[in-house]
Amino acid sequence: MKQYEAFLLDLDGTIYRGSQVIPEAVRFVQALKREQIPFLYLTNNSSATPQVIAERLTAMGLPTTEKEVYTSSLATAAFLRQRLAPGTPLYIIGEAGLRTALEQADFVVDDQQPQAVVIGIDRTFSYDKLAVASRAIRQGALFVATNGDAALPTERGLAPGNGSLVAAIRVASGVEPIVIGKPNKWVVDFALQRLGTKRERTLVVGDNLHTDIEAAANSGMDSLLVLTGFSTIDDAHEHPVRPTYTASDLWSWWTK
Ligand SMILES: [Mg+2]
């Protein structure tokens with residue numbers, strides 16, 4: 001498995017479950033650090049900044065810096081900067097992770113004449129926000145979503161994810177969004193750019209066939225499905241998109 005010189009690692013179900021790190025994943029990350037193999041944690045999470053995510057991982061017992069975390073919000077900012085000049089006004093529906101990423105990319109918040117409507121999960125989503133967003137999109141603003149996740153795992157079960165909010169705007173505006181997060185290639189491509197490693201020598205790792213493994217395929221990359229989270233081995237046999245490798249956990253794959 002040493003043919004890979006870098007890794008893009010999903011977080012939830014791959015590195016941790018609930019509030020607990022997965023010991024086999026921690027051992028794998030420690031091996032990467034020992035051998036100075038570059039990696040990024042790659043998450044569809046758009047609500048938290050890389051700093052907050054790094055602090056959470058550190059508190060779980062996996063020391064992490066913000067530079068090791070790449071979110072769908074960072075990828076969304078990178079995507080928009082390829083298309084829009086600094087200072088371009090945007091209408092943003094989302095939380096701190098998205099707002100911070102877009103501000104750091106020198107965009108300006110403006111709900112009057114936005115050139116793009118950008119949406120990440122927003123737990124204060126409202127009819128007013130839906131109305132402003134769909135009006136702007138009907139008037140020609142670009143419609144970009146950090147991710148299309150239908151649901152979010154929480155301690156009380158599944159909660160509505162960003163995809164649910166995006167669906168409301170899609171229906172209200174009659175326009176299909178550009179979706180940056182997994183399973184789409186954008187977030188993987190921008191993360192790879194940040195790593196600076198070769199596509200064919202970088203492995204995408206995750207626990208979800210529908211997001212992680214499909215994202216790898218859409219980006220033309222090899223993938224490893226770990227069975228520590230969402231997808232089961234039976235799912236893997238039935239899913240039309242196959243991972244390059246399947247393993248019970250990261251450490252057993254690494255030491256095979
Ligand atoms: Mg996951």
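Start at 1 and go down the list; that is how both ligands and their atoms are numbered. Treat the numbers as computed from the prediction; the structure is a model and nothing was measured.
Leu8 pairs in a side chain to side chain contact (heavy atoms under 4.5 Å, CB included) with only one of the listed residues (Val205, Thr197, Leu203, Leu195), which is Leu195.
Protein N/O/S atoms found under 2.8 Å from the Mg ion (ligand 1): Asp10 OD2, Asp12 O, Asp207 OD1.
Side-chain contact, Thr49 with Thr100: no donor N or O sits under 3.5 Å from an acceptor N or O. Side-chain contact, Ser47 with Asn45: a donor N or O sits under 3.5 Å from an acceptor N or O.
Taking the centre and axis of the six-membered ring of Phe79, the NZ or CZ atom of Arg81 falls outside the cone set by 45° and 6.0 Å.
Other residues, nucleotides and ligands place no more than 12 heavy atoms under 6.0 Å from the CD atom of Gln113.
Membership of an apolar cluster is not assigned to Val52, as no side-chain contact below 4.5 Å to another ILVMFWY residue is traced.
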